[in-house]
Visitor: 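Here's a structure for you.
First the proteins, then the strands, lettered A, B, ... as listed; each starts at 1. The basis for the numbers below is simple: all heavy atoms, side chains too, and nothing from hydrogens, waters or symmetry mates.
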Protein chains: 2
Amino acid sequence: MRETSFQPLTAATVLESAKAQIRRFGEAKTNVTDVARDLGVSHAALYRFYRSKSAMMDAIVQEAMDDEAHLAAHYIGADGPAAERLVAMLLDLHRRKRDRFVGDREIHDLYQRIVVDRPDMIATYAERITNLVADLIDEAVRRGEWHIDDTDVAARVVRDAVTVYVHPAFVAQLVTANAPVEAMLHATVTTLIRAFESSMRYGNMKEA
Amino acid sequence: MRETSFQPLTAATVLESAKAQIRRFGEAKTNVTDVARDLGVSHAALYRFYRSKSAMMDAIVQEAMDDEAHLAAHYIGADGPAAERLVAMLLDLHRRKRDRFVGDREIHDLYQRIVVDRPDMIATYAERITNLVADLIDEAVRRGEWHIDDTDVAARVVRDAVTVYVHPAFVAQLVTANAPVEAMLHATVTTLIRAFESSMRYGNMKEA
DNA sequence: CAACTTACAATATCCGTTATCTGTAATTTG
DNA sequence: CAAATTACAGATAACGGATATTGTAAGTTG
């Protein structure tokens, strides 16, 4: 109960209660009346902050996505070789997903549902991360570490190649199967980097 | 109706009728009674060939998987540079999935369900394809085209990197979104090949 | 009057009943 | 007697009325 430790009702406190409900009972058994009861208000009060229940669910996942983007952004414009930073960035993104699956299962399940039900949200998120990768690649090219004629294509190659390590459904499967995920992610990224170091000419590939 | 053009009842004819039913009505509306009626026999007769309805569904997808493996095997031990053969092999695998999605939607949907419900079947299939990729890589290394210290790791890197282009759910999404899938697949595989040409040392990575 | 509650309409979910389907075994047929 | 059918029991799914939930709008309160 949030009610006991009194807090003003805000979008953030509503989201906290919603997450708490989902963690206890799962998304399926979570209804806005229970979330409101947890906050000590009527369910209608929550519609001041979210115009629907699904907007609330979306916001929870959006928060997680923002967290991941922030985590990844940390490696842009930082010191050290681009190769090490790219590996670290993608490893971090993988670990965030894995940690959610292992330690915050119900939220992970919600995230996974959104991946299916909201391709638009996922596309926006994917583009955001891809742009961060593109920024890192651009730096490496400017610093002369890598030689790539089309850094946008290179960024999308990276994104597609590591999707399997960051997509909630695959992470769940790989972790469950006890696969050596980090080693494989490392091998994959190392391979891409080798190509970038050796110089990649993509020619005139048309945009997405 | 298969009944008109008389054929002996075999596992293959049963599977044909099952596929025909699924194509017309979808998996959900397909029952074994209808499949049997289409063949002009009682539903119990089918249990001689498949010990359950789900075994029948599995067999349909297994047939598709076998077809894909056969398609891929074609490129092993063939003439021409390994780079061209790897690109062609993966492009073929992608196109088979895409063609099913575009021209045989109900069977594609069944395939996609099996991916979720039968991770064991998928794992076996994935390993089979990965082994073919490993064979092709081995050849390239033996012929001195590529320089790779651990071809099994390399094969798994290829598999993970192109999963997004051959996984039914992703193919469906990419094709629906009108993404330049073949160009991206080509860019991805080209990148991996560049690394292989330039020489990949994976060191002592532990097995899956 | 901003923040909330109560009241209510529309929608979705639950659940007990009914019907259908699956899988098996005893029985028939060529 | 091999191959199939008919008959049937258990499992699954479809149906529909009762219940709960969502979302809105009118009303209440500090």
Side-chain angles (χ1 to χ4, degrees), chain A residues 1-62 106 109-110 113-114 116-118, chain B residues 1-62 106 109-110 113-114 116-118:
Chain A
M1 278 262 222
R2 291 288 164 288
E3 196 188 2
T4 52
S5 56
F6 181 80
Q7 308 178 50
L9 198 62
T10 67
T13 59
V14 170
L15 221 56
E16 281 310 306
S17 277
K19 285 192 286 183
Q21 289 291 319
I22 290 170
R23 290 196 174 103
R24 268 204 261 288
F25 309 115
E27 190 194 358
K29 293 289 181 193
T30 295
N31 55 36
V32 315
T33 305
D34 291 342
V35 174
R37 183 176 8 256
D38 181 57
L39 288 159
V41 298
S42 73
H43 81 277
L46 306 187
Y47 285 83
R48 171 168 297 282
F49 305 102
Y50 298 98
R51 73 174 165 315
S52 70
K53 179 187 178 180
S54 60
M56 235 166 82
M57 301 299 113
D58 292 353
I60 290 170
V61 175
Q62 188 59 56
E106 295 294 350
D109 289 349
L110 168 60
R113 178 186 68 73
I114 293 291
V116 174
D117 292 351
R118 296 291 312 274
Chain B
M1 278 261 223
R2 291 288 163 287
E3 196 186 2
T4 52
S5 56
F6 182 81
Q7 308 178 48
L9 198 61
T10 67
T13 59
V14 171
L15 221 55
E16 280 311 307
S17 277
K19 285 192 285 184
Q21 289 292 317
I22 290 169
R23 288 197 175 102
R24 268 205 261 288
F25 309 115
E27 190 193 358
K29 293 286 179 196
T30 296
N31 55 35
V32 315
T33 306
D34 291 342
V35 174
R37 183 175 10 254
D38 182 57
L39 288 158
V41 298
S42 73
H43 80 278
L46 306 187
Y47 285 83
R48 169 170 298 283
F49 304 102
Y50 298 98
R51 73 173 163 315
S52 69
K53 179 186 177 179
S54 59
M56 235 166 82
M57 301 299 113
D58 292 354
I60 291 169
V61 175
Q62 188 59 56
E106 295 293 352
D109 290 348
L110 168 60
R113 177 186 69 72
I114 292 290
V116 174
D117 293 351
R118 296 291 313 274

Visitor: With a 3.5 Å distance limit and no angle check, can you tell me whether B/T13 reaches the backbone of B/T10 through a side-chain donor-acceptor pair?
Guide: yes
Visitor: Please give me the minimum heavy-atom distance between B/Y50 and B/A59, naming the atom from each residue.
Guide: CE2-CB, 3.7 Å
Visitor: What does nucleotides 2-25 of chain D look like as a protein-contact string, B for base, S for sugar-phosphate only, - for none, at under 4.0 angstrom between heavy atoms?
Guide: -BSBBB-------------SBBBB
Visitor: In the structure I gave you, are the side-chain heavy atoms of B/R48 and B/L9 within less than 4.5 Å of one another anywhere?
Guide: no
Visitor: What I'd like to find out is whether the side chain of B/V32 reaches to under 4.5 Å of the side chain of B/Y47, using heavy atoms alone.
Guide: yes
Visitor: Can you pull every protein N or O that's under 3.5 Å from an N or O on nucleotides 15-19 of chain C?
Guide:
none

Visitor: In whole Å, what is the span from the CD atom of B/E27 to the P atom of C/dT22?
Guide: 11 Å
Visitor: Return the CG to NZ distance between B/L46 and B/K53, rounded to the nearest 0.5 Å.
Guide: 12.0 Å
Visitor: State whether the number of non-hydrogen atoms from other residues, nucleotides or ligands found under 6.0 Å of A/R51 atom CZ is greater than 12.
Guide: no
Visitor: How long is the straight-line distance from CG of B/L110 back to CG of B/D58, given to the nearest 0.5 Å?
Guide: 8.5 Å
Visitor: With sequence neighbours excluded, tell me which residues meet side chain to side chain contact (heavy atoms under 4.5 Å, CB included) with A/E106.
Guide: A/I22, A/D109
